[in-house]
Protein chains: 2
Amino acid sequence: MDKEKYTTNLFDVIAEKNRRKMIDLLRVRPMSVGELVELTQLSQPGVSKHLRKLKEIGLVFIDKDSQKHIYHLNAKPLAEIDNWLKPYRKYWSNKLDSLEQLLDEEE
Amino acid sequence: MDKEKYTTNLFDVIAEKNRRKMIDLLRVRPMSVGELVELTQLSQPGVSKHLRKLKEIGLVFIDKDSQKHIYHLNAKPLAEIDNWLKPYRKYWSNKLDSLEQLLDEEE
DNA sequence: TCATTATATAACTGTTTAGTTATATTACCA
DNA sequence: TGGTAATATAACTAAACAGTTATATAATGA
């Protein structure tokens, strides 16, 4: 399908709006492909394609219930993003020195 | 230039490898375009193009020193990513104890 | 076995985008 | 004023990609 020869990268995977929506949904509870189709307004192949990328990067895993494929979230890979953000967090954390806090609050 | 009619989205902006590299560099210290060209191995227009997107989303601002345009990081917009991650963080945090969670949030 | 249901894959298309080279703009200085 | 340095924009190209429709695969149940 589409060759799909290119390596998927976590930042690219979460950059896509509908994929973020899907993992947001799967955070609530595991869902079948059909349920995700209803909730995303995408075509069924469209959903399957996104799920494949999410699976490749390890953000979801499948629990097969006969024909139904129940997709479960595995959020752990997102720790990479969290980790990347770490050195930046101090820039908006409210634990800055009091002058900066004051300036922030004035915004 | 390229029309550039499309709204830039933070997730898209940080999805690009060289742009992440650039803001990682600007975290160390403000830099001119020329310095970024050297450090990224991109062409000068390539760097300017990325800087434009970073500026559009508010991740950098310019301090003009005569001909030199010194780009400064403004990390605050990244708080949006941090915020999106919030409900997922518990999945990889090994500190399940609620007191420790609270302390984490205070950091 | 045959029809149905659920999902995955194939093949295609239009749009977006990162990168380039060429050129314009802007500021400085001899 | 003319030349040079620094950056931005224009125009173009190739690759990537999200979305689609059509079709294949797999499992179920009558």
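A note on names: the letters A, B, ... follow the listed sequences, proteins ahead of strands, and every chain is numbered from 1.
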Answer whether the closest heavy-atom distance between the side chains of A:Arg27 and B:Pro87 falls below 4.5 Å. yes
B:Gly34 near the nucleic acid: base, sugar-phosphate alone, or nothing, with a heavy-atom cut-off under 4.0 Å? sugar-phosphate
Testing D:dC17, D:dT21, C:dA22 for proximity to the side chain of B:Pro45, the answer is C:dA22
Under 3.5 Å, is there a donor-acceptor pair linking the side chains of A:Lys86 and A:Asn83? yes
Between A:Leu73 and A:Phe61, the two heavy atoms sitting closest are O-CE2, 3.8 Å
Transitive ILVMFWY side-chain link A:Leu54 to A:Leu39, under 4.5 Å: yes
Tell me which nucleotide among C:dA18, D:dA6, C:dA22 gets nearest to the side chain of B:Lys49. C:dA18
May I ask you to verify if any side-chain N or O of A:Ser43 is less than 4.0 angstrom from the OP1 or OP2 atom of D:dG19? no
Could you tell me how far apart A:Lys17 (NZ) and C:dT16 (C1') are, to the nearest whole angstrom? 16 Å
Among C:dA18, C:dA8, D:dA8, the one nearest any side-chain atom of B:Arg19 is C:dA18
Quickly work out the A:Ile14 CD1 to D:dA18 P distance and round it to whole Å. 13 Å
Can you measure B:Asn9 atom CG to D:dA18 atom C1' for me and round it to whole angstrom units? 15 Å
Under 4.0 Å between a side-chain N/O of A:Arg52 and OP1 or OP2 of C:dT9, yes or no? yes
Nearest of D:dA8, C:dT9, C:dT7 to any side-chain atom of B:Tyr71? D:dA8
So, under a plain 3.5 Å distance rule, would you say the side chain of A:Gln44 forms a donor-acceptor pair with the base of C:dA8? yes
d(CG, B:Asp12; P, D:dA16) in whole Å: 17 Å
Rounded off to whole Å, could you give me the NZ-to-P distance for the A:Lys64 and C:dA8 pair? 8 Å
ILVMFWY network linking B:Ile70 to B:Leu59, side-chain heavy atoms under 4.5 angstrom: no
Below 6.0 angstrom between ring centroids: does that apply to B:Trp84 and B:Tyr88? yes
Interatomic distance where CD belongs to A:Gln41 and P belongs to D:dA18 [whole Å]: 19 Å
Provide, to the nearest angstrom, the distance between the CG atom belonging to B:Leu42 and the C1' atom belonging to C:dT21. 15 Å
Protein-nucleotides 25-30 of chain D N/O pairs under 3.5 Å:
none

Atom-pair distance (NE2 on A:His50; C1' on D:dC17), nearest Å: 10 Å
How about B:Glu80 and B:Phe11: do any of their side-chain heavy atoms sit closer than 4.5 Å? yes
Closest nucleotide of DNA chain D for B:Ile62 versus for A:Asn18: which of these residues is on the 5' side? B:Ile62
